[in-house]
Amino acid sequence: MAIDSGLLVDCGDLNAVGGIRQILLTDLSNVATVAPTVLDATHSITSFTTTDDWARFEFKNETAALAITGTKEGGSTAYECALSFYIPDIDGARFHELSNLESACPVALVEFNSGKMMFVGWSYKYENKAAGSTPWVRNQTYANLTSIEGGSGSAYADDNGVTVTLTARQFELPIEYIPAGAGITVQAGDVTAQTS
């Protein structure tokens, strides 16, 4: 790959909002189709379908963040993508849903407040070149539940909740989702969503 073009930053970029609007999670094995099938110059995906709906996780406003750290060792660059969000008002039902992440292989679709959407834990690079139509199912770039921290607090004014952190080690920067169709459709009940 040659370095043959640069980047421009304009006024709109400097006035962009930060933060995350919503987080969708699914198991890597639920990924059914991806388009395009190879990484293109726009570093984006236009279609992403799953065999089951995405799990939609809401969180306390202005607590969710995506942190990306890239390091190069021995000629290979790896990116650690940490997605964290705060779930208020803990109870058994919420702990049950979070415990489902313990043994799963999740990928995340993160929608920023700017409207941009990024995939975390899914990668074109180093996918398993299997005979099937879904060679990514064993590429090992999915996120892992790395921590759940928090609790009840001790004073009435303390927060009652937990911060969840999922971390993916992948070999390219997160890929943008620029849907050719409807994009994200939140389902009845608001706890699931579909992508197209």
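This is a predicted model, so every value here is computed, not measured.
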What about Y86 and I23, same hydrophobic cluster or not, with Ile/Leu/Val/Met/Phe/Trp/Tyr joined at side-chain heavy-atom distances under 4.5 Å? no
Run the numbers on V110 and F85 for side-chain contact (heavy atoms from CB on, under 4.5 Å), then give the verdict. CA-CA 11 Å; V110 180; F85 52 99; over 6 Å; no
Closest heavy-atom pair, I148 versus V164, reported as atoms and distance to 0.1 Å, is CG1-CG2, 4.4 Å
Establish whether V107 and L109 are linked, either directly or via other cluster members, by ILVMFWY side-chain heavy-atom contacts under 4.5 Å. yes
CD of E176 to NZ of K116: how many Å apart, nearest 0.5 Å? 5.0 Å
Kindly check if the number of other-residue, nucleotide or ligand heavy atoms within 6.0 Å of CD (E80) is above 12? no
Identify the two heavy atoms, one from A78 and one from R169, that lie closest to each other, and give their separation to 0.1 Å. CB-NH1, 3.0 Å
When rounded to the nearest 0.5 angstrom, what distance separates OH in Y156 from CG in D158? 11.5 Å
Check the hydrophobic clustering (I, L, V, M, F, W, Y; side-chain heavy atoms under 4.5 Å; chains of links allowed) and say if L28 and I175 are grouped together. yes
Between D53 and Q194, is there a donor-acceptor pair closer than 3.5 Å when you use the side chain of the first and the backbone of the second? no
Ignoring hydrogens and angles, tell me if any N or O in the side chain of Q170 forms a donor-acceptor pair with the backbone of G121 under 3.5 Å. yes
Is there side-chain contact between F57 and L98, with heavy atoms separated by less than 4.5 Å? yes
Give a yes-or-no answer on whether the side chains of S123 and T141 include a donor-acceptor pair shorter than 3.5 Å. no
Could I get the full list of side chain to side chain contact (heavy atoms under 4.5 Å, CB included) partners for S84, not counting sequence neighbours? A65, T163, T165
At their closest point, which heavy atom of P174 faces which heavy atom of F119, and how far apart are they? CB-O, 3.2 Å
Could you check if a side-chain atom of C81 sits within less than 4.5 angstrom of a side-chain atom of M118, using non-hydrogen atoms only? no
Hey, what's the ring geometry for Y177 with F48, parallel, tilted or perpendicular (30° and 60° as the breaks)? perpendicular
How far apart are the closest heavy atoms of S44 and I178, and which atoms are they? CB-CD1, 3.8 Å
Would you say N61 has more than 12 foreign heavy atoms packed within less than 6.0 Å of its CG? no
side-chain contact (heavy atoms from CB on, under 4.5 Å), that's the test. Do I184 and R56 meet it? Break it down for me. CA-CA 11 Å; I184 298 173; R56 185 171 175 269; over 6 Å; no
Pairing residues for E62 by the salt bridge (Lys or Arg N to Asp or Glu O under 4.0 Å) criterion, not counting sequence neighbours: none
Enclosure of E172 CD (heavy-atom neighbours >12, cutoff 6.0 Å): yes
Any V191 side-chain heavy atom under 4.5 Å of E97 side chain: no
Any non-hydrogen side-chain atom of V34 less than 4.5 Å from a side-chain atom of W122? yes
Nearest 0.5 Å, what's the OG1-NZ distance between T77 and K72? 5.0 Å
So, does N30 use its side chain to make a donor-acceptor pair with the main chain of T51 at under 3.5 Å? no
Closest heavy-atom pair and its distance - L173, H43: O-NE2, 3.0 Å
Spatial distance of atom OH (Y142) from atom CG (L25) [nearest 0.5 Å]: 15.0 Å
Could you tell me the separation between the CG atom of L166 and the OG1 atom of T146, rounded to the nearest 0.5 Å? 6.5 Å
Single-linkage hydrophobic cluster I68~L83, side-chain heavy atoms < 4.5 angstrom: yes
Is it the case that one hydrophobic cluster holds both Y79 and I45, taking links as side-chain heavy atoms less than 4.5 Å apart, direct or via other members? no
When rounded to the nearest 0.5 Å, the distance separating CG of D159 from CG of D89 is 11.0 Å
Closest approach of G151 and V162, non-hydrogen atoms and distance? N-CG1, 4.2 Å
